[in-house]
Every structure is written in structure tokens, then in C-alpha cells.
Amino acid sequence: MLDSAKTETLLEVNNIEVIYNHVILVLKGVSLNVPKGGITALLGGNGAGKTTTLKAISNLLHSERGTVTKGSIQYRGARVQDLSPEALVKMGVIQVMEGRHCFEHLTVEENLMTGAYTRNDGAGAVSADLDMVYTYFPRLKERRKSQAGYTSGGEQQMCAIGRALMSRPETILLDEPSMGLAPQLVEEIFTIVKNLNEQEGVSFLLAEQNTNVALRFAHQGYILESGRVVMEGPAKELRENPDVKEFYLGMSDEGRKSFRDVRSYRRRKRWLA
Amino acid sequence: ELVIPDLSYRTGPYAAGGTPFSDGYQDYFNLLNARDGGIGGEVVRILECETGYNTEKGVECYESTKGEGALIYQPLSTGITYQLIPKATADNIPMHTLGYGRTSAANGEVFNWVFNYPANYWDAASVAVNYLLDENGDDLDGKKIALVYHNSAYGKEPIRTLEALSEMHGFELTQLAVDHPGQEQKSQWLQIRRERPDYVIMWGWGVMNQVAVQEAANIGFPMENFIGNWWAGAEHDVTPAGMAADGYKSLNMNRVQDYPVLDEIKTLVHDAGNAAGDGSNLGSVLYVRGMYTAMLAADAIAKAQEIHGVSDVTPPMVRDGLEALEMTNARMAELGMEGIGPEFSASCQNHGGSGQGLVQQWNAADGVWVPLTDFIAPDDSVIDPLIAEDSAAFAAENGITPGCL
Amino acid sequence: MSTDFLYGIEVIINGLMAGVLYALVALGFVLIFKASGIFNYAQGVMALFAALTLVGIMEGQVPFSHLINAVFGADIHHFGWHVPALLAIALTVILMIGFAWAVQHFVFRHLVGQEPIILFMATIGLAYFLEGIGDLMWGSDIKTLALGLPQGGSRWVEDITAGLGGDDFYGFFIDKLDMLATLVAAVLVAGLIVFAQYTKQGRAMRAVADDHQAALSVGISLNFIWVLVWSLAGMVALVAGVMWGAKSGVQFSLSLIALKALPVLMLGGFTSIPGAIVGGLIIGVGEKLFEYTIGAPFLGGATENWFAYMLALIFLVFRPQGLFGEKIIERV
Amino acid sequence: MLYREAGDFKTSYHADSQTFPIRFDRIGFWVIMVIAFLVIPFMINDYWANAIFVPFLIYAIAAIGLNILTGYCGQVSLGTGGFMAVGAYACYKLMTGFPDVSIVIHIVLAGGITAVVGAAFGLPSLRIKGFYLAVATLAAQFFLVWLFNKVAWFYNYSASGQINAPERFVAEVAVTGPNTAPAAQYLICLVFLTFCALIARNLTRGTIGRSWMAIRDMDIAAEIIGVNPLRAKLTAFAVSSFFVGIAGALFFSVYLGAVEVGEAFGIQKSFLVLFMIIIGGLGSIFGSLAGAAFLVLLPVALKVVGVNVLGWPTDLVAHLQLVIVGGLIMFFLIKEPHGLAQIWRLTKEKLRLWPFPY
Amino acid sequence: MDMRNITLRFGGVEAIKDISFDIREGEIRAIIGPNGAGKSSMLNVISGFYHPQDGKVWFRGEKRPPMKPYQVARLGIARTFQNIALFEGMSVLDNVMTGRLTHMKTNMFWQALWMGRAEAEEVANREIVEQIIDFLEIQAIRKTPVGRLPYGLKKRVELARALAAEPKLLLLDEPMAGMNVEEKEDMSRFILDVNDEFGTTIALIEHDMGVVMDISDRVVVMDYGRKIGDGTPDEVRGNQEVIDAYLGVAHE
Ligand SMILES: Nc1ncnc2c1ncn2[C@@H]1O[C@H](COP(=O)(O)OP(=O)(O)OP(=O)(O)O)[C@@H](O)[C@H]1O
Ligand SMILES: Nc1ncnc2c1ncn2[C@@H]1O[C@H](COP(=O)(O)OP(=O)(O)OP(=O)(O)O)[C@@H](O)[C@H]1O
Ligand SMILES: [Mg+2]
Ligand SMILES: [Mg+2]
């Protein structure tokens, strides 16, 4: 397990604020560090601002009429806020968007090939990577010739992740990779994440709702609540934290509760007003 | 001060026609100002308003200029004319629609405030047929004539007259409609190629003219048997087809030639930097027509000043002048434009003039329109009943009792 | 063979040729729609603008002379030189690329991710804008294209086919310009198909059409792709403008040819390059044949405009995405 | 603080669903109504009526109509010009066929006839969607214009193919024909606009409006939750055409007095009305009015500035006008794709937060 | 509800192969299976959006003729969607009100007038909707346009919309995807409450085994269009084929 203090910080987000539509303030000062070669998890409830944070980093906010109004974002020490998304991809930062976003009319294989758009290391390397993706996701190989729009939700999710891998990234911003995937596949995807991280040295920043799995695979984590970081630390520590345990892992002192029994129990406790 | 609005169009699909007309119209008044200090000592003030050939803008132009004391309107658009006829009538301002607008306005007893001399569309159709009669030894029996027309109110104007004439003279009439704007006329010209009519008459405007001339050339139709009406016979209608357009004919109601007045305009207006446009249209077909229109209006104003004995005339006085207008060859010569139009005299009954027109032909090598004939008279026996019928219908629909003012 | 039948065939051949001319305009639409989901209403005005520019450059007109004269009281019109046709074409192409860049940089870059109708509206705004600029730059009179393109019916075709029918059959009429247009269109279409289907940029272009955000997220530069397709569309517009302008002179009405291309587009599918051609052919033949057999004899003629749309409409009822359009994906 | 919303609590669902839930807006609304009905008629002259107010009111009706179809139900139509023509010609035939019946009834009936025609042309919308539908509506546009041009019965066999509005009266006051007072023209259009706006508002806030919007936002999901797409789309076409038909009837009879179909109701008209709703704001009745006002006023204003103030040649101004209108459209879309109505809403949202920036 | 021998093909792909199962009145029935197994397609068949090539759908003891989706909705079947299908242009309240469309009957004329019937109906339905809004605890966002909501809330609004129809059968397609544990707990509670209080029959697709095993009465397991298991949660959990195809290693 990596210790953030010792390793080089790859991506540094410094106290950023994001406003949508000039009026809706969503991030109220978020700071985080993604160390090189680490897996960083970004946790938090619905609407906490995870997606917004990721989009702010990858500069995709612009097309949603969102703007970063304060703070700075640095990648390898260089300010990247004003770069275009494609420049970031060229620098090795790629985002897998929440909700799949496959190119509906392209076939699965063409979708994967678009991931290699920014590469110019020859067709051979690209097709080798294509094979690699197919070995990770055999289901995609079966469906390679069908239009992505007609594949099932899970297949689309694999396609989106595979597409990102095709760009040979250095850092991947993963937004809710487990959403809508069968449990087996969730494990698989996280195993792939781990492999990539360990073997290829890819760094990850992943936004997840599935706290359980996320904290199992991540090295460190941040917890976001209504646009603020409320807790951060190594994943192990977070897992042990009683609050996290109760609210994010669904475990109370007595162990895991059945969903049948939660019933109309307790109101939520907040760290911050 | 005499206020003359000029509802022009120098933009939009018909700009190529609207621009020279408006240049000629304004330049003539500018000449009067420069040379004579206006009309009867009153300076002419021109209010130009761009309509873009669009009826709503035309209405806006009318409303915005009428308050300034506009004396006479000539909107150069049949559509706008129709809108303005009731309005101008109610406001007691005369309109002059030369060779366009509502044909039956020639009946001055119904349309007291509208003048369309020297000729109208029905006259034009008749003039064309009379010309062909002349060419064929007064016999068109069994000849085939095709009418290619813009599929709009304007284009449909000659149909009734031509139908009546075809019955009278025994020629066969084929009607070919071309939809606006008229970029694509393959079907029509293929049909002409199949049926090989002896003559083609065209009622076109805008891009339709250029394409028709080109297509006629493409199918090898003899240009000298192809006659456009007077809105299909300007320089820009034939130049895109280049040499292929040589020999194409068209009607005109104003002879195009070198007039002394053009030289005066050149020196007194253009060289003095007062040209209405960029000066390149001087002497072109539509420029001369605009100038001719202005001359008629100016003369009517002069006439009004004479009748009423004041120089600062009002619109109703101008109407009187228009109704008392008398265009003689001598007068035209005096104005430096000898033979520019037919002789005619207006009256309360007759707001339509003599209806005469001439035929001109395009000489592509020299790039000029050459008048071929003298002014030809229409067949009033056909046209007068049609006018009487249509104006009576209008009078009935609008509760007008025909009569003189 | 009966004469009527032969003339029917002639109508069909000419319909096909007319269809090619429509398709030339439709191609520009397809390119932009395919790459950005933008329904570019300005395509017709672009054709006008390109043709105006070509003529203006060839004749050495001073751009904006009218405006300059009005504001500064000057009196300038021409530089007094004539530019050879090929050089003028090259210059026009460069200008159209500049235009593509400007459109992208000042307008569509700011509209990424908006709904299609908003983008469509923006192109109408663009059409007005460009029309005004075209007028200001080169004047609104009718200009003659002196490129020396062939004109007139082909005597050769006429002579060899005249023998097919009786005395009242004069041989097939085929316009030489139309033949040239067909050739040009064939080359264009072949080139564009290869581009869209088999190149990396082509694939990226289709990806962009599907999902702007996702395309951005994988590092496709929307700007680059769009400048590329707008440039291509500008060149297609130039070709269309030249072909149509050769018939009618270069004038405002050229911009209205867009309306002839819309049914073609609809029938062929907004996203299909071959569709534009096939659609053009069907529309061309359909409307001419209808006018020949029913329109002119029974309905008083001038039916082509609406018939083209009706024909396309009927096709659409059976295939809502057009003949070759990408299937509209309906899933929940 | 000028604009307050806080403290304005609703105690019943009735109060909550009223048109102007906020008192401030309600007062503003009544002030505008009083000015519109009681002040302007006494001040209006021919120029203001014919150049600005009457076209504005009529276009506003058409824009509301199109907004129902496009803004609320999501079906883009480019056939507005054609449908206005149906209204105009229906009105003409009724006026000349039944001269003794009140023109108000004629105009409403003209709307009804247009609704039927509109619904008929709306049938393909079941299969055809998006821009394909937009282009398909052009079939209606071209066909209708051709029809009115070709079939002489529609223009009572007049020689020129033009139709002229005969003089008609409402309560002894001429509202059509050459002797109409500007105030009469203005008032009849205003009354129609008020009614149309009210009806539109009522329809869009209730069940039917919600089924339209559901179809607009996601037609498949709408069908699965129980919206009958056939019904929703056809009613939208019909209601929309009803308004557009009324606008066409007024346009012909009260405003222009004489029209030729190709020129007055050509495709340009379809685009113009579409512009209005997009600039004004899709799915907003206020937006329809704002868009109509904007596009009627802008050219006039530009002309006044260019020709009367700066004294430039008219053609130059007309060209510049194209450039400016086109440029402004793009500028607006970039700044606020959802139109003037959205600008208004965001302004209110900001005012609510005032004096804090957000 | 009884599905008999359903087969559904898309071109070459056979999404559902001859599957039969039933849903009993008042139960919570879960459908699980790996991605692409055909679960969503099955829901689409039930709600009439896909028409199976083979097989019959029985509803309440009667064979259901081929129907359009909106007709199915009128039978009392409501659903939520895997990829949220809310009407983005409307407020939360309006979205939920669309759920009541099948219950609102005033004709257009009265609606145009508004006063009277239309208003009365609106207010009456509004009351029902407000109850549901209260029940799902989304009062605060009533007037917010749904486009601005975070994912989890959208799912809840979708549920509200489906509930507003007062359905007899409620189909839920991955209602808890993209939620954290706490939110899942909330959602589970809502589902159970709906089932308890209104007696609504529920069919649900879910990938979170914890939830499925805890709240459902019976489970169908699908794999590549085939049915590989059917029974109570415990039976299914023990089924080796199911473990191989879907569950993988025992779940935490
Ligand atoms: N385009 C937008 N316009 C306005 N507000 C937005 C927009 N996108 C997101 N928001 C708001 O920003 C806040 C944070 O949203 P975000 O999508 O970042 O949350 P999240 O943590 O990713 O939640 P989830 O787990 O549900 O995906 C939410 O309150 C949401 O309403
Ligand atoms: N309209 C369609 N056309 C073609 N193929 C389709 C269509 N709908 C679904 N499919 C295919 O049918 C299969 C089953 O899809 P379905 O959406 O039912 O899966 P699922 O079980 O819901 O999976 P997931 O858990 O990933 O959502 C998939 O392989 C999908 O590609
Ligand atoms: Mg998120
Ligand atoms: Mg699914």
C-alpha cells in the first residue's frame, strides 16, 4: 500500500469551486491529491459532487455550462485548468464518464478504436491493446460487431472502460464503474483496475457509491458531502472509521443489518451542516 | 419641398432588378434638383425605404413615409401594390404602378387613386401577340405558342388575355408554370423541346429569367422566337448565358437608347457625387424605366402645380396632375428623352394609358438591347372588356360606386 | 419504341441528372450533420458565398467596396486585375477553410452539447449573417461565372439516339453541364465515403456526432473535427455553387437551392453519404416523372417543389430514418 | 430588495398552481394589461399599429401556436407559413361566403379549419421524428401554398390570385378594410392574443400539457407510463394549428388586407415564427411574446438607426441588418440557448439571492 | 402475471429463450442475472414495449392480447427504467404528476377553460401526488427541474412517478444502481413499504445481492436468455449453476 506522503503527487486539486449556470454553486472548496501510481477513491452520497469534481479535472464542465471559479488544478505540477479535454488526454488523463456514454451508432469495436484516437504509436500497438481489452472483457468480443446502442447496460459499461484503456492512459478518472454491473463483474473490473495499477502503473481516481468495494481496492479515499471534503485518509483507516462503517458500509456495531430491518430507523447524521 | 418616397429593393432575390430601377428613379429627381432647383421651384426630397420585395416591409415603409407628406407611391411590387391600394385610397395618396400591379386599376372610375399607365400586363400580352401577327403576315392560325410563367399572381396575369387571343387568332396555347424561385426548369424546357412550339412567351422575374434563357439555349430553342415580357428583358437576365442569349427578345414600354438626359444625369448628378447607386447602371433597361417613371411623376406634379396654382402641392393635387397628364412626343423631346415611351393622355376613365409597347432584342456581342420595333398598340377590343369585368367585380366586393372624383 | 415512352426515358435521364445536382448540395448537409448532429441550414448560403467569392476574386473586386465607399466617401470597386481560374479556386478554398475555422471558433465551440434544435437555429442565424456579409462583400448584383464550363445539350447523344424513335423523336437531350456534375459528384462521393468509413478522422467524426461529451472525454478534439468537416462542407458548397451558378449566374437565389436538397436529404438519410446520391436520384426522377405524367397534364404544373417533399414523406413513413440513415435507436 | 419571493407561502394547491404565483409578478401583469387595453388604444397611430403593434400581436399568437407544438410537444414544424395560409384563406372564404356572420366567428372558425388541416399533416409525426419531421412539415408548407395558388376557387377566381379583405365590423366599428382605425386593428388583435395566451396557459399547465411535455422529453418513456402518443401529438398539432390559423386569419384580414399566398405565407414566414420561439424560449408562453416582440422590433429599430440616424444608404443598412440579426441570433444562442424566457428566469433566481452573488 | 414460453429475438441475437415464470399477487419478485442476460428485455416485454416472437403473457388470469405500451400502462402496470427516463424539461412535481395521467379524464375543452372541472381534477390528483412526495421524502425538490438533480434523487423521483399511477404491478429496473448503502437502505424501505401498505406487486431487477436476498420473496435467475434458477432467495443462493454464472464467489 502506498503512502501518499512519500510518493509524488500526480494530480493536485486545490480548493476549487464550481458553479453551474452561473447560479448553482456545487463544489464549495474541494481539495485532493492523487499520488502517482495510486488508487484514490472519491466517495460520497448522491449529489455530493463527485461527478462534478471529476469533470472539473478533465475539463468537461464547459459543455454543461459549469465553470471552475476558484482554486487550481495541477497535473504533474502544471496548471491544467485551461487546457482542452483532448490536451489532457494527450497528457495521459482520461475520464470514463458516469452513465456509460458509448457512441451508440458505432460498433463496439469502433467504440474501442476511438479510444486510440490520440495515439500515434502505430497500428500494431493499437491492435495489441485491442486484444488486451478483449481478454479483459470477453463479452465485448462476442458483441464487437453490434452497434453499441443495442448492447445491454453492463456491456456498455465495459465498452466505456475498455475505450478508456485504449488510450494507454497514465491516469484514469473512473466515474461509478460498478453502476449496474453484476457482482461478479464488479469484482472483475476492480481486479482489472488493480492489475493495471500494479502492472502498468496507471493511477486511478475513482468516484464510487459502492464504498465497500471501493475501499477494498483503493489506497486512499476522500469523502465528499454537499460539495465539501469531509474526511480523508488511507482507505484502511476509513474502513475502520465507525461513521463510515455505519453510513457508507451499512454496518453498525452489531454487524451488517438486513435491508428488511432498516425500516424506518434513524435520521441521518451529518458531519457538516 | 416635395416628398417622394422610393420603396426600393436593393437586397433579396430581386435586388438585381430593383437596384437599377431605383437608381434611375432617384437620379432623375436629383437631376431636377440640380438643374432646375426641383419642380416648379420646390426641391424634391426623396425618402428611400428598403422593402426587399417583402410585403410586410412594404407596409412598414408606407406607414413610415406617409407621415412625412409623401406625394406619390410607386412600390415596384405587385404584392405591395395590392396591400397599398386600399390604404392609399383611404389616405388619399395617389399610386403609380407602371407596368405592374393591379391591371384593372386602369379603370380610373373604380380605382380613383391608382394609375398604371402607360401599359399593363394584359396590354403586354396583346402587344406580344400583335407583334407575332405582324411577323407572320397577320396569321397565327395553327401556330403553337407556349407561355412559361412564374407560378404566382404576377405570372398568371397574361393567361386570360392570351386565352382570349388564342381563340381569336387560332393559335394553340400551352401553359407552363415554373414554381418560385425558378432555379430548376428542366421539365418545362424538356416539354418545350418535345412539343416544339413556334414561339415561347415568358412571364418571369428574378432568377427564373436567367435560368430560362440558359435552358432555352441548352435545348437549342431559336432565341429570336423567345419573347419575354418587360420584366424579363434587362441586361442581367441575359448576361449569365453569355453569347448563347444572343437574339433573345423582350417587350419594353420604354425605349432604351442614348438620351440627352442621360448625359445630363452623368454630369450634373453622378459627377457631382449625388448618384443614388454606384453609378454603374446608368442607361440600362431598368434604369431608364426608373427614370421614365420618375419623369411621369415629375410631370404630373408639374401639372398639378399648374392646375392648382401652388408650388407646394398635396397628394390629392398630384392625383389631379396624374389624371390630367398628357405625354406627347414633343414633351418627351423637350425633356431630353425623345421617344422614350408611347404617347398617351390620361383621364378620369383611363388610368392605363395607351397600352403600347415595343419589342427589343439582345445583342450579346455588344451587350446592348436594341429596339426592334416602334410602339405597337394592343388589341383594346379584347382587353377593355376584361378590365371592365375585373374592376366591376372589385367595385362590387368593396362597395365602390364607380365615378370620378 | 413509342415516342412517349422514349420521352419518358428522357425525362428519367434528366431527372437523374437533376438529382445529382440536388445531391451535390445535400452532401454538404450530410457531412456536417454526420459529424456534429448540426442540421446546417446555411449550406445553401455557403454555396452562394463560395461562388460569389470565386467570382469576386477572379474579377479582382474590392471586398466591401460598397461599405467602404459609403463610410469613407471613397469610390473604389476593382483592383483592376483578373485572377486566373485555378488560382481563384485555390484562394476561395482557403477562404472557405478560414470561414470554417471562424464558424467553429466563434459559434459552435460555444454550443457544444446543446440540443439539436438550438444548433439548427444557430445555423439559420449563420445563414442570415453570411448572406449579409456576402452582399456587403461582393454586392448583390448578378454575376457571371466565367469558368468555361460546358453548356448546352450534347449533340453527340442527340444524334446517336435520334434514330431510336420516329420522326417526332429528336433524340435524347442531355445537358453537358449535368454530365460534368455527375462526374464530379461521383468523385466527391467516393472520396467522402472512404474518408468517413475507413479513416481515423472519419471514425472520430462519427463518434462526435453521437455524443459530444464522450468524444471529448476520449480526447477527440471537437474543434479540429468540426473545422475539418465545415471546411469539407465549404468545398462541397463551392462545387455546388459553381454548378448551379453556371446556369443562373451567381446571385442571391442560389442560396435557395438548399430547399431542393432537403427532401433529398430526408429520403437518403441525414447521415448517409451514399444516401445523398441515391436520394437525389430518386427525388430527381420522381419529381420529373410526376410532373411529366401527372403534374403538367392534370394538375396545372409546377408540382415539383411539393412533390419532392411528399415523395420523401411517403418513404419516411416506411423508413423513418431515410433509406440509408442510421437506424434511430429506441431503447429504454 | 425589489423582487421578493420569500414569505409568499401557498396554503392550497389551487393557489400554488396559479399563473403568477408571486404577488410581484401578479401586480406587474395587471399593470401591463391595463396599459395594453386602456392606454395604448388612445395613443396609437397608423404607423405604430401597422409597423409594430399589430404585427407583434399577430406573430405572438402564431408563436404561441408553434411553441405548443415545438416547445411543449417537441415536434419541430416548418409548416407554420402554410398553416397561416390555411387560416387566411379559410377566413377569406368565410368572409365572402357568409358576409352577415361576425368576423370574430369567422376568425375562430378559420382557426378550427386550420386545426383539422394541421392534425392531418401531423399524422406522419407518429412515425417520423426530429429533423426528419421538420423537413416533412415542409411538404405541408409547399403543398398548401401551391394549392392556394393553383385552385382558383380559393381566391374566388379573381384575375390576379390575390385575396382582398372586404370591410367588416365588430360592434359597428370597422376592423378590416381600408377605413379601419388603428386602435380597432390593435384591439381586436389584442383580444385574440389575450384569449389565445390564456387558453395556451391553461392547456399547458394541466394534464394535456404534461402529456405533451412527456412526449417531448422522452417519447418512449412517455408511452410506457401511459401517454397515448397518437393522441398527444395530434392534439398538439391541432391546438397549435388552431392558434396559427387564427394568426393567419388576422394577418390577412386585419393586418395586410390583401395577400398573395406565396409571398405572404412562404417558407420565410415559417422560419420567422420558429426564430421567435427559439429566441423567446421554447416551452414558454412568455417567451413566445418576448420572441415576437424582439423580432418585430429589431429590424425596425435597426432601420431607424441606420437610415434615419446615421443616414446610410438603405441597401447597406439592409445588408447590415441581415448581418446583425444573424449575428444576434447566434450571440443569443451562445449566451442563453433557452431564450429570453430563461434569461428572465435566471434573473429572477439571481434577484432572489440578491445581494449575494450566489 | 404469468409469462409463458417467452422468446424474444433481435435480428440474430436471441435475448430471451423460451422463458416461463410467474409473479404472484402481492409478492416481491426479483430478476437477477449477469449483464446482457435479458432482464431488462423481459421487463420490456411485460410493459408491452417489446413484442415477443413466441410465448404468451397472462395478466390477472387472462391472456393479454398484443398491446401498445400505453394500453398496458392503463391496465395498472407501472415501471422505472434502467437508464433513468425522467422528463428532463419538467419539474419534479410535474414529472410525478405525469404518473397520474392514466387517471385524469377531463377533456380538452374543460382544460382550456381550466376553471371548474379541470382545476378540481388537478387539485384532487395533486393531493395524491403530494402524499407520494411526502412518502418518498422529496418535498424539498418539488419544484426543481429534474435535469439538475443528482442521480440517486432522480431514481427516487422515477419511483414516485411510477407510484403515482397507483399500479397493481410495479416493475423496477435496477432501482438502486448508483446508490450508496445508506441510500439503498432508504430505497429498500420504500419498496417494502409500498409492498406492505398498498399491497402492490413488485418485480425488480437488481445487482446488489444483499438487497435482492433480503427483500425479495422469490427470485428468477437468467443467464444469456435462459432461466437457470427460480425459487426463494435461499434456494437460489445455493444453486450451483447460479453461483457459477452470476454470483461468483460468495458475497460479502
Ligand atoms: N448541469 C448541471 N446543472 C445544474 N446543476 C447540476 C448540473 N450537474 C450537476 N448539478 C448539481 O450538482 C450537484 C452535484 O452533482 P454531481 O453529479 O457532481 O454529484 P455526484 O456526487 O456525482 O452524485 P451521484 O452519485 O448521484 O452521481 C447536484 O446537486 C446536482 O444537482
Ligand atoms: N432493441 C434491441 N436490439 C438489439 N439487441 C437488443 C435490443 N435490446 C436488447 N438487446 C440485446 O439483448 C440482450 C439482453 O439485453 P438486456 O438489456 O435485456 O440485458 P440485461 O439483462 O438488462 O443486462 P444489464 O444487467 O446489463 O442491464 C443484450 O445482449 C442486448 O444487446
Ligand atoms: Mg455522479
Ligand atoms: Mg438491463
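Sequence lines set the chain letters: A, B, ... in the order given, protein chains first and strands last, and positions in each chain run from 1.
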Pairs of heavy atoms under 4.5 Å with chain B: top-ranked of C:Asn14, C:Thr303, C:Asp178: C:Asn14
Residue selection (most heavy-atom pairs with chain B, distance under 4.5 Å) from C:Glu291, C:Glu158, C:Glu304, C:Lys288: C:Lys288
Tell me which of these, [options], has more heavy-atom pairs under 4.5 Å with chain C than the rest.
options	value
B:Gln214, B:Arg193, B:His236	B:Arg193
B:Asn218, B:Thr11, B:Thr19	B:Asn218
B:His180, B:Gln188, B:Gln183	B:Gln183
B:Val213, B:Asn209, B:Val178, B:Ile219	B:Ile219
B:Gln191, B:Gln175, B:Arg196	B:Arg196

CZ/C:Arg155: more than 12 non-hydrogen atoms of other groups inside 6.0 Å: no
Residues, nucleotides or ligands: over 12 heavy atoms within 6.0 Å of B:Glu195 CD: yes
Is [X] close to chain B through its backbone or its side chain, or both, or neither, when contacts mean heavy atoms under 4.5 Å?
X	value
C:His77	side chain
C:Phe173	both
C:Asn69	neither
C:Phe172	backbone
C:Trp244	side chain

For B:Val200, the option from B:Asn225, B:Ile192, B:Ile227 that meets side chain to side chain contact (heavy atoms under 4.5 Å, CB included): B:Ile192
Nearest non-hydrogen partners of C:Leu265 and C:Ala26, listed with the distance: CD1-O, 3.6 Å
C:Ala185 versus C:Ile277, closest heavy-atom pair with distance: CB-CD1, 4.3 Å
B:Pro181 portion near chain C, given a 4.5 angstrom heavy-atom threshold: side chain
Residue-level interface, residues 127-143 of chain C with chain B, non-hydrogen cut-off under 4.5 Å: C:Ser140, C:Ile142
Within residues 246-258 of chain C, residues adjacent to chain B where the heavy-atom gap is under 4.5 Å: C:Ala246, C:Lys247, C:Ser248, C:Gly249, C:Gln251, C:Phe252, C:Ser253, C:Leu254, C:Leu256, C:Ile257
Passing candidate, ring pair (Phe, Tyr, Trp, His ring centres under 6.0 Å) with B:Tyr154, options B:Tyr121, B:Tyr100, B:Tyr149: B:Tyr121
Side-chain donor or acceptor of B:Arg10 paired with backbone N/O of B:Gly277 under 3.5 Å: no
Side-chain (B:Glu235) to main-chain (B:Val285) donor-acceptor, under 3.5 angstrom: yes
Check ion pair B:Lys186-C:Glu287 (N to O, under 4.0 angstrom): no
Pairing of B:Lys249 and B:Glu224 as salt bridge, 4.0 angstrom limit: no
Between B:Asp27 and B:Tyr287: side-chain donor-acceptor atoms closer than 3.5 Å: yes
Distance-only side-chain donor-acceptor flag, B:Asn281 / B:Asp23, under 3.5 Å: yes
B:Tyr53 and B:Trp205 aromatic ring geometry - parallel, tilted or perpendicular at 30°/60° bounds: tilted
Derivation and outcome, side-chain contact (heavy atoms from CB on, under 4.5 Å), residues C:Trp156 and C:Lys176: CA-CA 10 Å; C:Trp156 180 72; C:Lys176 283 184 278 189; over 6 Å; no
Ring-face cation of B:Arg194 near C:Tyr7 (centre distance under 6.0 Å, axis angle within 45°): yes
Residues B:Met223, B:Asp246; criterion side-chain contact (heavy atoms from CB on, under 4.5 Å); working and verdict: CA-CA 7 Å; B:Met223 279 296 163; B:Asp246 191 53; over 6 Å; no
